[in-house]
Amino acid sequence: MNYIKELNEPQALAVQTVEGPVMIIAGAGSGKTRVLTYRIAYLIQKGVDPFNILSLTFTNKAAKEMKERIAKVVGITEARNLWMGTFHSVFSKILRAESDKIGFPANFTIYDSDDSKNLLKTIIIEMGLDDKIYKPNMVQNRISSAKNSLINAIAYKLNQDIQADDLEARRPKIGVIYEKYVMRCFKASAMDFDDLLLKTYELFHQYPDLLHKYQHRFKFVLVDEFQDTNFAQYAIIKQLSALYQNICVVGDDAQSIYAFRGADIGNILNFKKDYPELKTYKLEQNYRSTKNIVAAANSVIEKNKNQLEKIVWTDNSEGSKIQVIKATTDNEEGNFVAQSIFNFRMNHQLANKDFAVLYRTNIQSRAMEEALRRLNIPYRVYGGLSFYQRREIKDILSYLRLCVNHNDEEALKRIINYPARGIGKTTLDKIIVAAAENEISVWQVLENIKKLDIKLAPAIVKKIDEFRQLIHGFEIMIRQKNAFDAASFIASSSGLLKDLYSDKTPEGVNRYENVQELLNGIKEFTENNKDHSDGNFLPRYMEDIALLTDADKDEDDEKDRVTLMTIHASKGLEFPYVFVVGLEENLFPSQLSINSREELEEERRLFYVAITRAMQQLTFSFAQSRFKYGNLIHSDPSRFLHEVDESYLDFAHAGNQQRVFQGKKIESGGLNLNSYSIPAHSHLKKVSIASKSSTKGDPVGSFKAGLEVMHARFGKGKIVSIDGNGDSKMATIKFEKDGEKKLLLKFAKLQVVKD
DNA sequence: CCAAAGATTGTCACA
DNA sequence: CAATCTTTGG
């Protein structure tokens, strides 16, 4: 256990205190993953059976990575037996194992939020309600937060407060919609994401002996990212650890950013009330960022009232100040950021992957993408439309889903007429009505289409029967073949592949490729699970995939690209150079958040998360106007810019210096005009962005290939080639010591040695 | 039943 | 603006 020596004092205590309730408050960059890894390794080396350890993480990827790290300490065989995964994936496993207790088949489908929204929309229309009043999104949120508070449909209708709320909002029927929705999911043998929590809780609540079984099984419970757990998740953790009380939660209240989907920061703030015996350890030393960044982050987060006391500090170097870039429009902002990345990269010999651009909303990626593309800087956008949400992917998965679970109504609706087989909307509506009237699943209507008295033309009935037989044939196929063979067979003989292949537009080609990519994924799954009997069958694959997100998809992380993502998606990551863009009122903080202290504090925590991703250098940017709904709107700089102590900031000009130097005023609500003059000795001058003046003197024009030159850091070298124009003119130079490097002539300060 | 044109509406983050 | 939904005419 040599690794204990690698830890600082609170880290070591957090690793070695394994009995009883423990809370680890892990400041940003304080080595949390390390502590968690070693804690589990320590448990195992102390003789705890890995089978008895449950570790809940935020993403599947985090679980996988941690398992690998633990395997390095204790060996792969031990690590493999750990129960490790997201709440949703662990609970879905339990629910499948115990499904008979709650009347579901073990192969139940997991509806994603699109599926459940569609179902809600169907129900609302069926009930004759106006979907302008009962907006599916709104109804879905309402039901989701009820489930996250462990309020089922019956409780919802009985709860006076909720009913009063709904009545006042003139939406008294939400309870009824909820009830019907639950019934429809049940008939479809489907659960939504929230059900995985609610039903796990209810299962344990209803069957104490079963709870007991799992309490014994999970003698040690660890929860990562505890600040982002919701009421239901916390309730289940409490149930599970009630017997042994070996519960360890890890988190940082300052990074709680998921209240919008039900996360309750109160769980971490009030944890001690539930466990008076609690031992708390605070990891306050930051190993990630410079002093300047840590201090700036602290100066922001201290504005929040609702937080646990802690002092994050660092031994790292001072670092540079935070650059602030002002742009006139969102497009200009993109150009400045791209140019700035280009300059930093050339000036400091950095890789693209050292950079991240973080934004509040996904739409902001577009301006950034365009600008980066213009400068030929490779990038990768995370988030946005998920791979699994793409039309063609959902289509093919719907075929697979329907084969695994015939009752899956949403899957059936999606594919019964795709590719077109003459079963249109009218027919489908009749079938769905028949299903609701007879209280059976939609599939069961298809099976009994002749017996049921539905007014359908014989030709249509024949088509429906053909569809039913098609799916039935696939089902038999699934039992006989492995996941890949079955899936590729289904993809082609359903006609789906052919349909996609016939579309030769760029989008069509892309769709076809996406389906191929999915099939490749299934192939990989099949290969990986060859040895397990039945382990490579399609139903097993379908269980895995429902809870996967893009973050879990294996990507070629090797490629050297700039990262573009939302701040939410950046949680837990770090980058040497970080740009936080769009720092404008009504965007960040979001317009929807500025009316309540709680929501504003969450936005501030989000800002804190953004700042603390940076290791070396941080840059803020904002635009004075940006496009929204197609028209240009004026934006004021974010209040958050004022909240960072000014001594940590450096105000650079993003272009239009002339304007400021000519004394033109910045619109009211802007930052102090004086802050915008460049301090005479600022290093920013050297990296000043897109300054047009420097093209004039052109110190870069006289270099050409073949010249022998001298560089301050790399020594003697020979110019291989020159590319680009103006400020972005750069030279590929072969240095005697370090080999070939690309340098921006503007910064390289080369001296000619010999012609 | 389907394709194309026209109208609408929303955008905050996500497992 | 752009994606999605609705209407219309064939």
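In what follows, chains are A, B, ... by sequence order, proteins preceding strands, each numbered from 1.
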Heavy atoms of other groups near A/Y134 OH, more than 12 under 6.0 Å
yes
Enumerate all atom pairs, one protein N or O and one N or O from nucleotides 6-8 of chain C, separated by less than 3.5 Å.
none

Under a 4.0 Å heavy-atom criterion, the protein footprint on nucleotides 6-14 of chain B, written with B, S and -, is ---SBBBBB
On DNA chain B, check which nucleotide each of A/I460 and A/F193 is closest to and give me the residue with the more 5' one.
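First, find each residue's nearest nucleotide; the 5'-ward one identifies A/I460.
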Of A/T86 and A/A420, the one whose nearest nucleotide on DNA chain B sits closer to the 5' end is A/A420
With the side chain counted from C-beta on, respond yes when A/K147 and A/L197 share a heavy-atom pair under 4.5 Å apart, and no when they do not.
no
Taking the side chain as every heavy atom from C-beta outward, state whether A/H88 and A/I110 have any pair of such atoms under 4.5 Å apart.
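Answer no - side chains too far apart.
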Among residues at least two apart in sequence or on other chains, which ones pass ring pair (Phe, Tyr, Trp, His ring centres under 6.0 Å) with A/F467?
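Testing A/F467 for ring pair (Phe, Tyr, Trp, His ring centres under 6.0 Å), a comparison that skips the adjacent residues, returns none.
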Residue-phosphate contact under 4.0 Å: A/N230 side-chain N/O, B/dA15 OP1/OP2:
no
With a 4.0 Å cutoff (strictly under), does any side-chain N or O of A/R366 reach OP1 or OP2 of C/dA2?
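So the side-chain polar atoms of A/R366 do come within 4.0 Å of the phosphate oxygens OP1 or OP2 of C/dA2, strictly under.
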If the threshold is 4.0 Å, N to carboxylate O, is there a salt bridge linking A/R540 and A/E543?
yes
Taking the basic N atoms (NZ, or NE/NH1/NH2) and the acidic carboxylate oxygens, is any pair closer than 4.0 Å for A/K462 and A/E466?
yes
Expressed in whole Å, how much space separates the C1' atoms belonging to C/dC5 and B/dC12?
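That atom pair is separated by 22 Å.
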Applying the side-chain contact (heavy atoms from CB on, under 4.5 Å) test to A/Q364, which of A/R366, A/M368, A/R360 qualifies?
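Exactly one option meets the side-chain contact (heavy atoms from CB on, under 4.5 Å) with A/Q364, and it is A/R360.
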Which listed nucleotide (B/dA15, C/dC5, C/dA2) is nearest to the side chain of A/S113?
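My answer, after comparing the listed nucleotides, is B/dA15.
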Counting any heavy atom closer than 4.0 Å, what does A/S89 reach on the DNA or RNA strands: base, sugar-phosphate only, or nothing?
nothing
Select base, sugar-phosphate, or nothing to describe what A/N631 touches, counting heavy atoms under 4.0 Å on all strands.
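It contacts nothing in the nucleic acid.
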Cation-aromatic face contact A/R604/A/Y608, 6.0 Å, 45 degrees
no
Taking the six-membered ring for Trp and the full ring for Phe, Tyr or His, determine whether the centres of A/F226 and A/Y234 are under 6.0 Å apart.
yes
